[in-house]
Each structure stands twice: as C-alpha cells, then as structure tokens.
Student: 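Following this message is one structure expressed as structure tokens.
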Amino acid sequence: MKDKELLIKLKGLRSLKLSDDWKDVNRRVLRSQIYSGQTEKQNLNFWAKFNVAFARLSEPYAVAAMIFLFFVASGVGSVMASKGAQPGQILYNAKIISERTKYALARSEQSKTKLNLEFAQERMTELTVALDNNIEVDQPKVATLKTDFKKEINAAREKIYKLQPAVAKTVIDKPIAVKIETDKTASTTATVAKTTNKSVTDFKSATNNKDDKRIDISIPLTPSAKIETVTTSAAALDEAELLFDKADYTAAKEALDKANVLLDSETK
Amino acid sequence: MPEHEHNSFFSSDQNLLLRLKKYKDKEAFLVAYDNYANDIYRFLYFKVGNVEEAQDLTSSTFVKAWSVVRDGQLKDDDSYKTLKAFLYKIARNQAIDYYRQKKTVNFSDLSEEQVDFGDEGDAVGRVINNIDNQLLIEHLNKLKLEYRNVLVMYYVNELNVAEISKVLDKSRGNVRVLLFRATKALKDLMDHKSL
C-alpha cells in the first residue's frame, strides 16, 4: 500500500466524532460548572461588587445581566432537571456527566470519597426504581447498575484506606482467633489473616500438626451483624456491600449513611 | 510536509491559550471545548476502545483542564506552546488513570462497536465509508498501543511532532522514529490482509 493511500484512509477516521446531542448537553453542563464553581470568598466579593454596580447601572445593562443569568440558569436548570433521571431516559446522560464533573472539581480526597458514597446511593436508588417499576426487568441495565455501584464502593474504600492508613492496616492485619482441635494434642490457637476484599477468609495454620484437625473460625462480621456494631467507615462500606449482594437495599442504604457519618468523624 | 507542521504561532489556538493563561477566560475555554472535543474524544476512543468510556473521559478531560486553568497552574507552566498539547496531555493522563482502575482494557471491542462516523455524504457513501473505517480500526487494533496512539495523534488528529513529543514526554527524534515504525507496521498489516 502506498503512503498516500494509507494517509487517505487514516484521515477518513476524522469522521469519527461525538454525537451533536451529547456534545451540546456536555457543553451546557460544563458551562454551568465553570460559572458556578467559584470559591465562597470570590462569590461574596462578586455579589458585593454586583450590588454596587447594579445600583449605578442604567436599565439596558440590567437587562443584559438578566439575559446572561438566564443562559447560565438554563445550563444549571438542565443539570437540576436531570437529577431524577433513570437509565434509558434522555436526561440520564446529563446526570452522569454532571456527577463526573462534580467529582473532577472536588478539591479534596475526602470530598471525592463522599461523592463516591453519594453516587453509590444514587445507583442503588436507580436499581430499586428499575426493579420496582418494570415487570420485565432489563437485565443488562440492572447488571450495569450493580457494576457501577461496586465501582463507587471500591473507589470510596480505596480512598478511605489512603486517608486513614491506620484503619487499612487494622482491617488487613487484624488477626482472627481460631481454635484448632486435634485428636491428641491440646487445642492450639492459630492466628490468621483476613483480606478485606473477600468475604471468605484466607488462612494458614500456625500449628505443625496437620492430621485430623477441625478448624473453627469465628469471623467478626457476619451478614446479619447489626449496623450499630459497625464502628469504622471502612467496615460500614463492607457491610453495605454485603447487604447489597443479598439484595437488602434498604439496609445497604442505611449502612452507606452510616459510612458517611463515620467518615466525617474519622477525618475531622 | 503536512500542513500542520508549519509554524502556527499566531493561530486562534495561540490566542485561546494566551487568554486562558492570562485571564482564565471562561468563554475562551468553552471555545476550546467546541474546537477540540471531537479530537480529544477520538484520541481517547482509540485508547480505551469503548464509546461511553471515551465520552466520560472526554468530559473529565475538559473538567480537569478547567481546574488547571482556574487554579493558575497553566499560567505557571511555560512548557505548553499550544492549547492542543495541553488538552491532549490532560486526556492522556485521564486515560492512564482509567487503565489503572480498569487494569485491562478490551481492545477487541474497538472494531465491534457501532461508532458514529458522522453523516457526511450520501447513504451508500456512508456505508462504504463505514466498512473501510471499521477495517482500518481492526488493523489499528492489532498494533501496539504506542503505535496506535502516535498514528492517531499525527494522521487523524493532526498534531505536529513537537506537540506529540510534549504529550508523550518523548524527544522529537523518538517521536519521528515511532511514527516511522508505526506507519510501517500498519502498512504491513494492511498489505498482508489484502494478499
């Protein structure tokens, strides 16, 4: 193949592009975020100046300001209108874009973690609405919502471990007492390590004897553990995920709320 | 030499960059979005192999870019000579973060998706155009990621060598060598397919 021919073919890929609708919606969301994303201090200064200026402005300028505010508000309006959108609805894309924008503009890891929790709640709400409303449930949509929920939970968990390395170490390294019964020797207590990403523990026995042993392992948190006994945000997240997997969405939501509250107190 | 290799110091791209650096001009940023959203999307699509992920990453690229402008970091950084290079660099970093989260990216999706190739030309022309593009994407899919990236940046998105070297943090010489090898690899694939 000649270079020129290849060049023409490659340039043909320039026709690959965003749909006009998506580009427009995203532009409006971006615009509203750019114009509304000022700091509090800047806002106060802006409004103070605006009040002074407005008092001195003649009517045409006031009209121009109103027109400007209308265009900004229409961008913000579309964002607000999309808040209750469900998967498959026209404004759902705007909702997701708005979430992504909020996330990218969040300044601290703590704010991002809280957003992950908020988005996880949102995915769960969408899932429950989808399951409640549809006689024939759209399985791919449900699967996507479940995957997205898990993504948010995992992202929040990662950030919590980064924010609180001590908590991460405790969860990963905390030994669980086990009792090993043997026929001939006295029972020996072995320590095991629990990995946080699995619901079943991995363990290795510390004892040398390996025959005819029955190992009883007590796992601190069971699916039926009450929310009140959970004392860290990471544990609350684990609980929420367990409950979600069991399709107990109401309890899972409570666990996420608990995680939010605990996160606030842990990061003060 | 392709047109885009010429010195474009006084292009509107430069004006936009100046306005962003000096004034953090919001409207200039939105013009930049209008001008480059499709390019960034294309760049990201060939990186991640999925329409929705590429859209998400496009969105987050511009949000991130704005936060860099807003926080004055662009003003402090004199290394970006063009707005394009700045946006592509942000996009590349967004893709890298995506890879880290995703761990594996399934590029076999790349040629199987129904992608929007625009609505230029008549109905038959559009179909033929689509098939050609899909075949080409299939070949691009088989290349190494760095070959694919550099071909898309240079030939499809028309970045010049200097801009590509800035985006990839490589020397211009390295970029030229990479381009040569990538072009040869793609030609070999396409010639083999047509035998």
Side-chain angles (χ1 to χ4, degrees), chain A residues 1-39 42 68 71-72 75 87 92-94 96-107 116 144 147-148 150-152 154-155 158, chain B residues 2 26-27 29-30 33-34 37-42 45-46 51-52 54-67 69-71 94 101-102 115-121 126 129-130 132-133 135-137 139-140 151-152 154-158 183 186-191 193-194:
Chain A
M1 176 177 289
K2 291 180 183 170
D3 282 359
K4 198 175 176 183
E5 211 179 312
L6 179 62
L7 191 66
I8 291 168
K9 281 187 181 290
L10 283 167
K11 280 191 182 294
L13 293 178
R14 283 189 68 77
S15 54
L16 181 80
K17 59 179 188 172
L18 293 160
S19 71
D20 289 340
D21 286 342
W22 190 95
K23 201 175 164 197
D24 284 341
V25 166
N26 191 58
R27 190 188 199 278
R28 274 186 277 145
V29 171
L30 183 65
R31 189 176 213 287
S32 70
Q33 292 289 350
I34 287 172
Y35 276 97
S36 64
Q38 299 186 40
T39 61
Q42 286 171 336
F68 167 77
F71 279 115
V72 170
Y92 189 70
N93 277 343
I96 298 299
I97 291 166
S98 172
E99 284 180 5
R100 298 267 187 271
T101 310
K102 253 167 103 170
Y103 190 82
L105 288 174
R107 289 181 187 260
N116 284 127
T144 303
T147 307
D148 289 346
K150 296 270 184 169
K151 270 189 205 168
E152 300 297 344
N154 287 334
E158 254 185 61
Chain B
K26 294 181 179 70
E27 287 306 315
F29 187 79
L30 290 169
Y33 171 84
D34 293 335
N38 278 326
D39 282 357
I40 296 295
Y41 167 72
R42 219 176 283 122
Y45 177 77
F46 284 104
V51 167
E52 282 174 3
Q55 285 174 340
D56 281 350
L57 290 173
T58 303
S59 181
S60 61
T61 294
F62 282 94
V63 169
K64 177 65 182 174
W66 174 249
S67 68
V69 170
R70 178 197 62 194
D71 296 343
Q94 293 294 306
Q101 281 188 4
K102 188 99 179 173
V115 295
D116 186 356
F117 276 106
D119 56 1
E120 292 155 10
R126 280 202 299 274
N129 196 28
N130 245 344
D132 276 349
N133 286 334
L135 280 173
L136 179 56
I137 288 172
H139 292 315
L140 280 169
L151 285 173
V152 169
Y154 191 76
Y155 289 111
V156 184
N157 288 341
E158 296 184 336
T183 310
L186 181 61
K187 272 169 66 178
D188 288 345
L189 268 177
M190 294 182 81
D191 287 340
K193 199 77 181 173
S194 62

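FYI, side chains are in, hydrogens and waters are out, and symmetry mates aren't considered; it's all heavy atoms of this structure. The sequence lines fix the lettering, A, B, ..., with proteins before strands; numbering per chain opens at 1.
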Student: If you look at every heavy atom in B:A37 and A:L18, which pair is closest and at what distance?
Tutor: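 Closest heavy-atom pair between B:A37 and A:L18: O-CD1, 3.7 Å.
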Student: Kindly compute the distance separating NZ (B:K187) from NZ (A:K9), expressed to the nearest 0.5 Å.
Tutor: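 Going from NZ on B:K187 over to NZ on A:K9, the span is 13.5 Å.
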Student: Any side-chain to backbone donor/acceptor pair from B:R42 onto A:L16? Under 3.5 Å, distance only.
Tutor: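 Checked: pair present.
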Student: Looking only at heavy atoms, which two atoms of A:L6 and B:M190 are closest? And how far apart?
Tutor: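 The answer is CD1-SD, 3.6 Å.
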Student: Determine whether A:K11 and B:E158 make a side-chain contact, defined as any pair of heavy atoms from C-beta on separated by less than 4.5 Å.
Tutor: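 Side chain of A:K11 against side chain of B:E158, heavy atoms only: contact under 4.5 Å found.
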Student: With chain A, which of B:T58, B:L186, B:T183, B:L151 has the greatest number of heavy-atom pairs at distances under 4.5 Å?
Tutor: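 If we count pairs closer than 4.5 Å to chain A, B:L186 comes out on top.
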Student: Starting at OH of B:Y33, measure out to CD1 of A:I34 and round the result to the nearest 0.5 Å.
Tutor: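 Atom-to-atom, B:Y33:OH and A:I34:CD1 are 10.5 Å apart.
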Student: Starting at CZ of A:R27, measure out to CZ of B:F62 and round the result to the nearest 0.5 Å.
Tutor: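 The CZ atom of B:F62 is 11.0 Å from CZ of A:R27, to the nearest 0.5 Å.
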Student: CG of B:D39 to NZ of A:K17: how many Å apart, nearest 0.5 Å?
Tutor: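 So the CG of B:D39 and the NZ of A:K17 are separated by 12.0 Å.
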Student: What part of B:D34 gets closer than 4.5 Å to chain A, counting heavy atoms only: side chain, backbone, both or neither?
Tutor: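 Its backbone and side chain both get close to chain A.
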Student: Work out which heavy atom in B:N38 is nearest to a heavy atom in A:K23; give both atom names and the distance.
Tutor: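 Taking every non-hydrogen atom into account, ND2-NZ, 4.0 Å.
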Student: Do the non-hydrogen side-chain atoms of A:L13 and B:V152 ever get within less than 4.5 Å of each other?
Tutor: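 Contact flag for A:L13/B:V152 side chains = no.
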Student: Measuring from B:D56:CG to A:N26:CG, what's the distance to the nearest 0.5 Å?
Tutor: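 Output value for this atom pair is 9.5 Å.
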Student: Within this structure, what is the CD1-CD distance for the pair A:I96 and B:Q55, rounded to the nearest 0.5 Å?
Tutor: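 Going from the CD1 atom of A:I96 to the CD atom of B:Q55 covers 12.0 Å.
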Student: Is any side-chain heavy atom of B:V63 closer than 4.5 Å to a side-chain heavy atom of A:Y103?
Tutor: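 The answer is no, as the side chains (C-beta and beyond) never meet within the 4.5 Å cut-off.
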